[in-house]
Amino acid sequence: MSELHKFIFEGLPVRGAIVRLTDSWQEILRRKQDYPIAVQNLLGEMTAAAVLMHSNIKFNGSLILQVMGGEKRDMSPIKLAVVEVASDLSFRATAKVVHALSGSESFSQLINAGNQARCAITLDPEVKFQGQQAYQGIVPLYDDQGVPLESFAEVLEHYMLQSEQLDTKLVLAADTDMAVGILIQRMPLKGENNLAGALTSTENEDQIGKNEDFNRIATLTASIKREELLSLSIEEILHRLFWDEPIARYAPAQPAPRFHCTCSRDRVAKTIRSLGQTEAERMIEEREGIQVNCDFCGQLYNFDVIDAAMLFMPASSVVPPKI
Ligand SMILES: [Zn+2]
């Protein structure tokens, strides 16, 4: 069973969450069995991270985490990796692999070999008021000195610090059976993160003490090994790391994280319409219809010649007008 548990450290300004995706992660791999191991593991890490990040914010809508390869001369094997998580923690994920792998690629060679890749986090509200756009944050794949970051966890830690001023520790691991992640975050202090919130000297001393708490817990968190993350239960991991810390746990997230694809025939129809009638007609001629496979779940949507022609009829000739 996939699970997500949140916890706090009592009396300390530090909170955390741990996610362990098992059946839901296996379902993603079952639907697309051809990922090379390195790609599978990276997509699993991204999925665990995206579920953790959505569980960490109050937001009614989808969180989309994506990495897009560069256009020209980019030899990264991964052209695109996308994870989408809804408010109820249902999620889907997919990656597009365009080059063969040697198996020994580093994180940046996998995804940013040409130094042109872009990574973004999008928050897409479920209900948009008129004219509202989704929020998109650009996530650098390099540190402030331009040195490539060497894991997806580092990329997100760097982003959280730069864009949200939030100290974050992330550990991520994935294999064929599961995707696991732990997120530890220093909670923002009152008055922090806004221009009027300059700290007084006593508050400043206070903050230094609180940073020490965060640093200690972050160091503990980083001490867990990949094999431990992928073999221990959530109880065992939390005990192994925080047995000597004042940890208080919440009930597991309900509903639990699970695989769910949001594709539908209607959405595919909309995409075909957006190609324009000329392009659609060309596709119909070539294959006697239009066949579209969902990149996320593999579902086949088939529009035969008549279905496809209907897509471009004026609405009034398809639906009888109301009298
Ligand atoms: Zn789908």
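As the structure lists them, so they are numbered: ligands from 1, and atoms in each ligand from 1. Sequential numbering from 1 along the given sequence is applied to the chain's residues.
- Annotation: ring-ring contact (aromatic ring centres under 6.0 Å, His included) contacts of F9 (sequence neighbours excluded): F7, F242.
- A salt bridge is absent between D23 and R258; no separation between the charged side-chain nitrogens and carboxylate oxygens falls under 4.0 Å.
- Taking 2.8 Å as the limit, the number of protein N, O or S atoms around the Zn ion (ligand 1) is 4.
- Within the structure, salt bridge (Lys or Arg N to Asp or Glu O under 4.0 Å) pairs that include any residue of residues 123-139 comprise D124-K128 (at least two apart or interchain).
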Please tabulate, for the side chains in residues 288-298, all donor-acceptor contacts under 3.5 angstrom to protein atoms that are two or more places apart in sequence or on a different chain.
unit_1	atom_1	unit_2	atom_2	d
Q291	NE2	N302	OD1	3.1
N293	ND2	G298	O	2.9

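- You'll find the side chain of F259 reaches within 4.5 Å of the side chain of R31, heavy atoms only.
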**Q.** Verdict with supporting geometry, H260 and R92, side-chain hydrogen bond (donor to acceptor under 3.5 Å, both in side chains)
**A.** CA-CA 6 Å; H260 173 67; R92 57 183 193 164; over 6 Å; no

